Amino acid sequence: MENSDNLTAMLLFARVVELQSFSEAARDLGLSKSYVSREIARLELRLGIKLLQRTTRKMTLTELGQAYYPFCTRMLAEMHRADAFVKQIHQQPAGNVRLQAPVTFGCQCVVPILNRFLRGHLHINVDLDLTDRIGESVPEEVDAVIAIRARTPLKGNFRALTDINWGLYATPGYLDQRPPILHPEQLPRHDLLLFHGAAHTAALPFRREKQKLMMDVRSRFRANNSMALLNAALAGSGIAYLPSYMTQEAMQRGEIVQLLPEWQMDRLQCFLMIKETQQATSPVNLLCDALIAGLANG
């Protein structure tokens, strides 16, 4: 018994029963009536059972044919679902999207969104360029840019995505061994972990209601990458000045805590900049929608 022959004949049998006619089934499938009749007869022979009672006037299912028919309809339904799946695949948007993003923010916040996007869009490829040298406009070789800055872009198509709030973070172990910090004025007694600056001191901004302070602090360790500063803080080397997105997981694990959370410090904004208006179903627009949904405030 050849399974491939049975599959074809089962589909023909299901269609004949559904339409209650050899002629109609043959016409619907684009086959000759004789071919359909012959294949079903061969199926009956291979199975060793009678599926249909045929007369010159009508066609009826035998008792065994009635029991066999549901198996055929399930297979036919699966075939239709398979065809629909393939059709949907061919109708999905396809193409390449070139995205630029800051290094650390890209790794921490953008890549997880891209992973989900790629799983849902099998025919779209993403080329991610991670760089901290992001300019005022979208480069010629890029489709979209994620930029973090203090001011709104002066021109072009852009969308404000989320606020980037900065704060002070340290390990409980470090804080247990140092004088308590209840006010920004107490920070100069501590070692700060800061981004590169022109000097070993930096002025940190603090705002609470109508109060505004600029505190000069000493940086024991400086780096040009927030992951390096976070690792230094986790090692107990001092108090790191970091964007909040860098510290969420470590705070959830209880490895670090935020200092002076009632004071607002630097607040930057994350923008999505697009080179030009895209069609709603274009790969670029679909990726931008995913980034907006994944990063936008509220």
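From a predicted model like this one, the values you see are computed outputs, not experimental measurements. Note that the numbering runs from 1 along the sequence shown for the chain. Computed over heavy atoms, backbone and side chain alike; hydrogens, waters and symmetry mates excluded.
Across every non-hydrogen atom of Tyr169 and Leu242, the tightest pair is CE1-O, 3.6 Å. The two residues Leu229 and Leu194 come nearest to each other via the heavy atoms CD2-O, 3.5 Å. The shortest non-hydrogen separation linking Val103 to Asp132 is N-OD1, 3.1 Å. Closest heavy-atom contact between Pro184 and Met215: O-CE, 3.6 Å. Shortest non-hydrogen contact noted between Ile124 and Leu118 is O-CD2, 3.4 Å. The nearest pair of heavy atoms linking Pro243 to Ser226 is CD-CB, 4.4 Å.
Ring planes of Tyr174 and His190: tilted class, angle from 30 to 60°.
Although no hydrogens or angles enter the test, the distance criterion places no donor-acceptor pair under 3.5 Å between the side chain of Lys50 and the main chain of Glu44. No donor-acceptor pair under 3.5 Å is formed between the side chain of Gln211 and the backbone N or O of Arg207. With hydrogens and angles disregarded, no donor-acceptor distance shorter than 3.5 Å links the side chain of Ser37 to the backbone of Ser34. In this structure, Ser21 contributes its side chain and Ser23 its backbone to a donor-acceptor pair below 3.5 Å. Using a distance-only test at 3.5 Å, with no hydrogens or angles considered, a donor-acceptor pair links the side chain of Ser282 to the main chain of Asn285. Between the side chain of Gln248 and the main chain of Tyr245, no donor-acceptor pair closer than 3.5 Å is present.
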*What's the verdict on side chain to side chain contact (heavy atoms under 4.5 Å, CB included) for Leu61 and Phe13, showing C-alpha distance, side-chain angles and the deciding distance?*
CA-CA 11 Å; Leu61 281 168; Phe13 171 67; 3.5 Å; yes
_Could you go through Leu295 and Ile146, starting from their C-alpha distance and side-chain angles, then the distance that decides it, and tell me whether this counts as side chain to side chain contact (heavy atoms under 4.5 Å, CB included)?_
CA-CA 11 Å; Leu295 296 174; Ile146 293 176; 4.2 Å; yes
*Would you check, one step at a time, whether the test ring-ring contact (aromatic ring centres under 6.0 Å, His included) holds for Trp166 with Phe195?*
CA-CA 12 Å; Trp166 288 65; Phe195 272 82; 5.6 Å; yes
*Hey, mind stepping through Gln53 and Met59 against side chain to side chain contact (heavy atoms under 4.5 Å, CB included) and telling me if it holds?*
CA-CA 6 Å; Gln53 289 288 358; Met59 174 206 75; over 6 Å; no
_Candidate pair Asp163 and Leu268, rule side chain to side chain contact (heavy atoms under 4.5 Å, CB included), full reasoning_ = CA-CA 6 Å; Asp163 293 331; Leu268 304 180; over 6 Å; no
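Using a 4.5 Å heavy-atom cutoff, the side chains of Leu99 and Val110 are in contact. With a 4.5 Å cut-off on side-chain heavy atoms, Cys107 and Leu130 count as touching. Side-chain contact between Leu168 and Leu192 is present, with heavy atoms from C-beta onward closer than 4.5 Å. The shortest side-chain heavy-atom distance between Leu19 and Arg15 falls under the 4.5 Å cut-off. Using a 4.5 Å heavy-atom cutoff, the side chains of Thr247 and Gln258 are not in contact. Contact of the Gln186 side chain with the Pro179 side chain is not registered, since no non-hydrogen atoms from C-beta on lie closer than 4.5 Å. Taking 4.5 Å as the limit, some side-chain heavy atom of Gln100 sits within range of a side-chain heavy atom of Pro139. At least one side-chain heavy atom of Arg74 sits less than 4.5 Å from a side-chain heavy atom of Phe71.
Once rounded to the nearest 0.5 Å, the distance linking CZ of Arg54 with CD1 of Ile40 reads 6.5 Å. Note that CG of Asn125 is 12.5 Å distant from NE2 of His121, once rounded to the nearest 0.5 Å. Here the CG-CG distance, from Leu259 to Leu187, works out to 7.5 Å after rounding to the nearest 0.5 Å. To the nearest 0.5 angstrom, Leu272 atom CG is 10.0 Å from Asn157 atom CG. Rounded to the nearest 0.5 angstrom, Gln264 CD and Asn165 CG are separated by 6.5 Å. Separation of atoms NE2 (His183) and CG (Leu213) is listed at 5.5 Å; rounding is to 0.5 Å.
Of the charged side-chain nitrogens involved, none lies within less than 4.0 Å of a carboxylate oxygen, so that Arg98 and Asp129 do not count as a salt-bridged pair. Taking a cutoff of 4.0 Å between a charged side-chain nitrogen and a carboxylate oxygen, Arg149 and Glu136 qualify as a salt bridge.
Ile239 pairs in a side chain to side chain contact (heavy atoms under 4.5 Å, CB included) with only one of the listed residues (Asp191, Ile181, Thr171, Leu193), which is Ile181.
Side-chain atoms of Tyr241 and Asp266 form a donor-acceptor pair, as typed in the model, at a separation below 3.5 Å.
Heavy atoms from other residues, nucleotides or ligands lying under 6.0 Å from CD of Glu262 number more than 12.
Geometrically, Arg208 does not engage Phe206 in a cation-pi contact defined by less than 6.0 Å to the ring centre and at most 45° from the axis.
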